[in-house]
Amino acid sequence: MVHFDFQISSGDSEDVDWSDEDEMCSLVSPVAYHVPVITPPTCELSSSGSKISDRFLEMGYPLKVVFRAIEEHGENDEEAILNAILTYLALETLPGEDNHVTSDPHLSDSASTYIEDLSDMNSILESQGQNKYFETMNLLEDMGFSYDEAFAAINRCGCETPIDELVEFIDAANMAKADDLQGLNDIEQLRYGKKQKLDRDERWTYSVKNMQLMIGFGVPNSGMKTVDREIPAAGKGPPYFYYENVAYTPKGVWENMSRFLYEIEPEFVDSMHFSAAARKRGYIHNLPIDGRFPLLPIPPFTIQEALPLTNKWWPKWDQRTKLNCILIRHGSAEDTKKIKEELDKSGPDPPEHVRKYVLEQCRRYNFVWVGKNKVAPLDPDEIEVIMGYSKYHTRGGGISTTARYQCLGNSFQVDTVAYHLSVLKKLFPNGIKVLSLFSGIGGAEVALHKLGIPLKFVVSVESSETCRNILQSWWEQSNQKGKLIHIFDVRDVTLGKLKELMDMTEGFDLVIGGSPCNNLAGRNRYTRDGLYGDQSSLFFDYFRILDLVKKITVYRAYA
DNA sequence: GTGATAATGACGGCGGGG
DNA sequence: CCCCGCCGTCATTATCAC
């Protein structure tokens with residue numbers, strides 16, 4: 001979204017000289033218009049705007065192979081990149097994984113669909129003669145202004161406004177912004193103020209600290225002064241977006257995701273600050289952070305408060321007050337049996353080695369005490385409440401117990417997400433239109449609903465029938481006034497489909513979702529392949545769809 | 001009895017933090 | 001250095017639907 005790259009698409013445009021970007025950028029002509037690109041957005045901090053990925057994508061190479069090759073070899077050595085791509089394709093694998101790339105129709109389709117989408121966008125813009133807006137955008141960007149500065153100026157003043165006046169407007173806005181930044185302390189300057197002057201490592205210094213504390217840009221009662229941050233221009237809404245995934249990934253994954261999601265700094269938050277269970281997650285979003293408030297009532301913060309019946313049987317030497325992360329599987333009956341046998345054998349005061357064994361098992365499987373020397377895994381009902389859903393949210397309607405554990409373990413902690421989304425309440429008092437990707441059991445929807453934000457429109461993309469049924473029945477039971485639309489597959493969410501949907505909804509206010517963590521999660525012993533793994537590479541569909549929504553939003557504003 | 005689905009047992013390693 | 005914790009996957013067995 002950062003760059004609307006300049007490209008002439010009339011008949012004789014095939015021989016455009018791509019090697020000289022600066023020359024190209026100056027070639028603003030009345031017939032020119034811009035083509036959106038899929039490259040990771042580059043902001044002021046990046047050394048160069050990468051368009052090389054587009055070239056390889058246009059040649060038809062699969063999306064994840066292209067990105068992987070560029071990641072391995074940098075953006076400058078074109079020959080090395082091409083060799084790498086050809087090598088990966090010949091081997092049919094990427095380094096560090098053994099899945100077949102060329103036999104994976106999804107990503108290939110995704111890339112080619114995207115390219116088709118771009119051509120489609122070209123013809124839309126061309127046929128409807130919306131060139132004036134892009135001309136002006138071009139001109140302002142060529143003058144060195146960011147996309148967002150140009151967007152704001154044109155939005156406010158209109159695209160027929162003389163350039164001089166637009167420039168004046170931008171300068172005035174920037175002066176006001178600079179004034180606002182006075183008086184911040186060092187850490188806040190690092191986070192919000194002078195960020196754009198710092199290099200990448202320095203920028204991520206705060207995230208490292210963020211990762212350690214796991215309180216993100218603040219949690220309730222943390223005593224942190226909340227000041228609104230400065231989001232890189234390309235990342236700003238509309239629409240707002242909110243992306244989630246596991247905090248602890250193989251190295252470099254969050255940096256990579258942040259690079260795609262407009263260089264926005266992730267916030268890492270442990271849901272232990274919102275509930276009785278730990279849940280370390282990272283969130284990349286462009287929401288304001290000033291004025292957040294928690295859902296009420298505040299849920300129980302300890303195991304003992306959340307599950308009071310366990311108190312009677314809880315031994316003093318088990319000092320846990322917080323549960324570990326809720327996972328998709330529960331501990332086995334066999335393990336709880338062994339624990340009981342060991343404790344029965346050792347009497348009322350078990351020796352150190354027995355305590356250690358029992359505690360280790362309890363921590364590993366999140367067991368709680370339900371009788372004399374008896375531990376048990378959490379029930380699905382209990383998990384529902386701890387995760388912030390109402391009891392029985394996932395129960396019944398043909399859903400097996402195993403499936404309940406599975407989809408609950410994959411879901412948002414509602415109180416945590418609601419805290420981040422709470423700033424939307426005053427922005428959308430009359431309701432919100434949501435594109436919900438990888439919706440699962442509807443954590444985002446439940447959070448917004450609990451915040452009292454009316455759901456005017458929800459387009460939910462979710463591949464699991466079980467999860468779609470759960471969301472649908474919640475929708476029907478929770479007195480919704482709006483409309484819920486289900487889509488099964490992110491691959492079906494093309495430019496054409498999005499245009500159709502956004503004509504119906506008159507745009508989306510929020511694009512929200514967490515893409516699959518299978519290949520990132522620490523629990524995975526077999527296929528922790530990273531962001532390019534079979535499931536986790538669906539991240540690129542999140543980015544693709546978000547980026548298309550941003551482009552269509554701009555287009556609609558000037559259509 | 002048979003195929004489908006559900007439940008269960010067995011299975012290391014990486015990265016962060018002290 | 002050691003410690004802890006992690007939105008999991010695969011193979012097998014048990015149970016279910018017919």
Side-chain angles (χ1 to χ4, degrees), chain A residues 96-99 204 207-214 243-255 268-272 275 277-283 319-320 322-338 356-357 359-367 376-380 383-384 386-389 394 398-414 416-417 437-444 462-467 513-531 533-536 538-539 542:
Chain A
E97 59 176 294
D98 51 14
N99 56 303
W204 278 75
S207 288
V208 171
K209 195 179 182 61
N210 191 338
M211 180 73 98
Q212 287 165 11
L213 295 173
M214 280 286 169
Y243 175 80
E244 177 263 9
N245 216 317
V246 291
Y248 294 139
T249 63
K251 278 192 191 307
V253 169
W254 274 103
E255 285 82 349
F268 295 102
V269 181
D270 191 335
S271 290
M272 70 178 287
S275 72
R279 200 167 187 81
K280 295 168 185 62
R281 295 293 180 270
Y283 305 88
Q319 307 243 328
R320 288 177 299 153
K322 293 281 189 184
L323 293 160
N324 283 335
C325 186
I326 306 287
L327 305 172
I328 65 168
R329 286 284 303 273
H330 60 82
S332 70
E334 201 56 34
D335 285 319
T336 64
K337 185 180 170 193
K338 276 186 207 155
K356 192 178 171 194
Y357 160 73
L359 283 175
E360 199 180 285
Q361 295 291 96
C362 285
R363 275 198 275 259
R364 171 176 298 170
Y365 297 112
N366 256 341
F367 289 143
L378 296 168
D379 278 339
I383 294 178
E384 284 164 344
I386 290 167
M387 294 290 281
Y389 301 84
T394 63
I399 295 159
S400 72
T401 305
T402 307
R404 291 179 76 193
Y405 279 110
Q406 170 116 17
C407 60
L408 281 164
N410 280 324
S411 65
F412 286 172
Q413 205 288 325
V414 170
T416 312
V417 172
L437 304 175
F438 313 104
S439 311
I441 61 173
E462 171 56 50
S463 62
S464 155
E465 186 185 0
T466 301
C467 288
S515 59
C517 68
N518 306 33
N519 311 114
L520 310 177
R523 272 295 287 258
N524 190 337
R525 302 180 179 193
Y526 299 97
T527 54
R528 197 182 186 186
D529 299 331
L531 192 56
D534 281 352
Q535 290 82 31
S536 293
L538 288 169
F539 162 80
Y542 178 91

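In what follows, chains carry the letters A, B, and so on, assigned in the order in which the sequence lines appear, proteins first and then strands, with residues in each chain numbered from 1. If you're wondering where the values come from, they're calculated on a predicted model, not measured in any experiment.
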Trainee: Taking NZ from A:Lys251 and P from B:dG13, how many angstroms apart are they, rounded to a whole number?
Mentor: 18 Å
Trainee: Fit a plane to each ring of A:Phe367 and A:Tyr365, take the angle between them on a 0 to 90° scale, and name the class: parallel (under 30°), tilted (30 to 60°) or perpendicular (over 60°).
Mentor: tilted
Trainee: Measure from the side-chain N and O atoms of A:Asn519 to the backbone N and O of A:Gln535, and report whether any donor-acceptor pair falls under 3.5 Å.
Mentor: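 Checked: pair present.
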Trainee: When you look at A:Leu408 and A:Glu384, which way does the side-chain contact (heavy atoms from CB on, under 4.5 Å) test go after all the steps?
Mentor: CA-CA 7 Å; A:Leu408 281 164; A:Glu384 284 164 344; 3.7 Å; yes
Trainee: If you go through the side-chain atoms of A:Glu244, does one of them form a donor-acceptor pair with the base of C:dC7 closer than 3.5 Å?
Mentor: yes
Trainee: Looking only at side-chain atoms of A:Tyr526, point me to the closest of B:dG12, C:dT9, C:dC7.
Mentor: C:dT9
Trainee: Whom does B:dG18 pair with, Watson-Crick or G-U wobble, provided both distances fall under 3.5 Å?
Mentor: C:dC1
Trainee: Please tabulate the protein-to-nucleotide N/O contacts below 3.5 Å involving nucleotides 4-8 of chain B, giving atom names and distances.
Mentor:
unit_1, atom_1, unit_2, atom_2, d
B:dA7, OP2, A:Ser400, OG, 3.4
B:dA7, OP2, A:Thr402, N, 2.9
B:dA7, OP2, A:Thr402, OG1, 2.3
B:dA7, O5', A:Thr402, OG1, 3.3

Trainee: Separation of A:Phe268 atom CZ from B:dG17 atom P, in whole Å?
Mentor: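 Those two atoms, CZ and P, are 10 Å apart.
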Trainee: A:Ile328 has an atom CD1; how far is it from atom P of C:dC6, in whole Å?
Mentor: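 Taking CD1 of A:Ile328 and P of C:dC6, I get 14 Å after rounding.
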Trainee: Report the distance from atom NE2 of A:His330 to atom OG1 of A:Thr402, rounding to the nearest 0.5 Å.
Mentor: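 Spacing of NE2 (A:His330) from OG1 (A:Thr402) equals 6.0 Å.
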Trainee: Run the side-chain contact (heavy atoms from CB on, under 4.5 Å) test on A:Ser515 and A:Leu437 for me, step by step, so that the C-alpha distance in whole Å, both residues' side-chain angles and the decisive distance to 0.1 Å come before the verdict.
Mentor: CA-CA 8 Å; A:Ser515 59; A:Leu437 304 175; over 6 Å; no
Trainee: Applying side-chain hydrogen bond (donor to acceptor under 3.5 Å, both in side chains) between A:Asp270 and each of A:Gln413, A:Lys322, A:Lys280, report the one that passes.
Mentor: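 It is A:Lys280; the other options fail the test.
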Trainee: Give me, pair by pair, the N or O atoms of the protein and of nucleotides 1-5 of chain C that are less than 3.5 Å apart, along with how far apart they are.
Mentor:
unit_1, atom_1, unit_2, atom_2, d
C:dG5, OP2, A:Arg363, NE, 3.4

Trainee: Across the strands shown, which category fits A:Ser515 at heavy-atom distances under 4.0 angstrom: base, sugar-phosphate, nothing?
Mentor: base
Trainee: Nearest whole Å is fine: how far is B:dC11 C1' from A:Asp335 CG?
Mentor: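 A:Asp335 atom CG is separated from B:dC11 atom C1' by 13 Å.
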Trainee: Is a donor-acceptor pair below 3.5 Å formed from side chain A:Arg523 to base C:dC7, judging by atom type as modelled?
Mentor: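 Check fails, no donor-acceptor contact within cut-off.
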Trainee: Apply side-chain contact (heavy atoms from CB on, under 4.5 Å) to A:Arg281 and A:Phe412, showing your working.
Mentor: CA-CA 9 Å; A:Arg281 295 293 180 270; A:Phe412 286 172; over 6 Å; no
Trainee: Which whole-number value in Å describes the distance from A:Gln413 CD to C:dC6 P?
Mentor: 14 Å
Trainee: Please test A:Arg279 against A:Thr416 for side-chain contact (heavy atoms from CB on, under 4.5 Å), starting from the C-alpha separation and ending with a verdict.
Mentor: CA-CA 10 Å; A:Arg279 200 167 187 81; A:Thr416 312; over 6 Å; no
Trainee: Would you check if A:Ile386 and A:Leu323 make a side-chain contact, meaning some heavy-atom pair closer than 4.5 Å?
Mentor: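 The answer is yes, as the side chains (C-beta and beyond) meet within the 4.5 Å cut-off.
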Trainee: How close or far is atom C1' of C:dC6 from atom CG of A:Asn518, stated in whole angstroms?
Mentor: 13 Å
Trainee: As an exercise, state the distance from CZ of A:Arg364 to CG of A:Asp335, rounded to the nearest 0.5 Å.
Mentor: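 Output value for this atom pair is 8.5 Å.
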Trainee: Which whole number of Å gives the distance between the P atom of C:dC7 and that of B:dA10?
Mentor: 24 Å
Trainee: Calculate the interatomic distance between A:Leu323 atom CG and C:dC7 atom P; express it in whole Å.
Mentor: 15 Å
Trainee: In whole Å, what is the span from the CZ atom of A:Arg525 to the P atom of B:dC14?
Mentor: 13 Å
Trainee: Does A:Asn524 put a side-chain nitrogen or oxygen below 4.0 Å from OP1 or OP2 of C:dC6?
Mentor: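 Looking at the OP1 and OP2 atoms of C:dC6, neither is under 4.0 Å from any side-chain N or O of A:Asn524.
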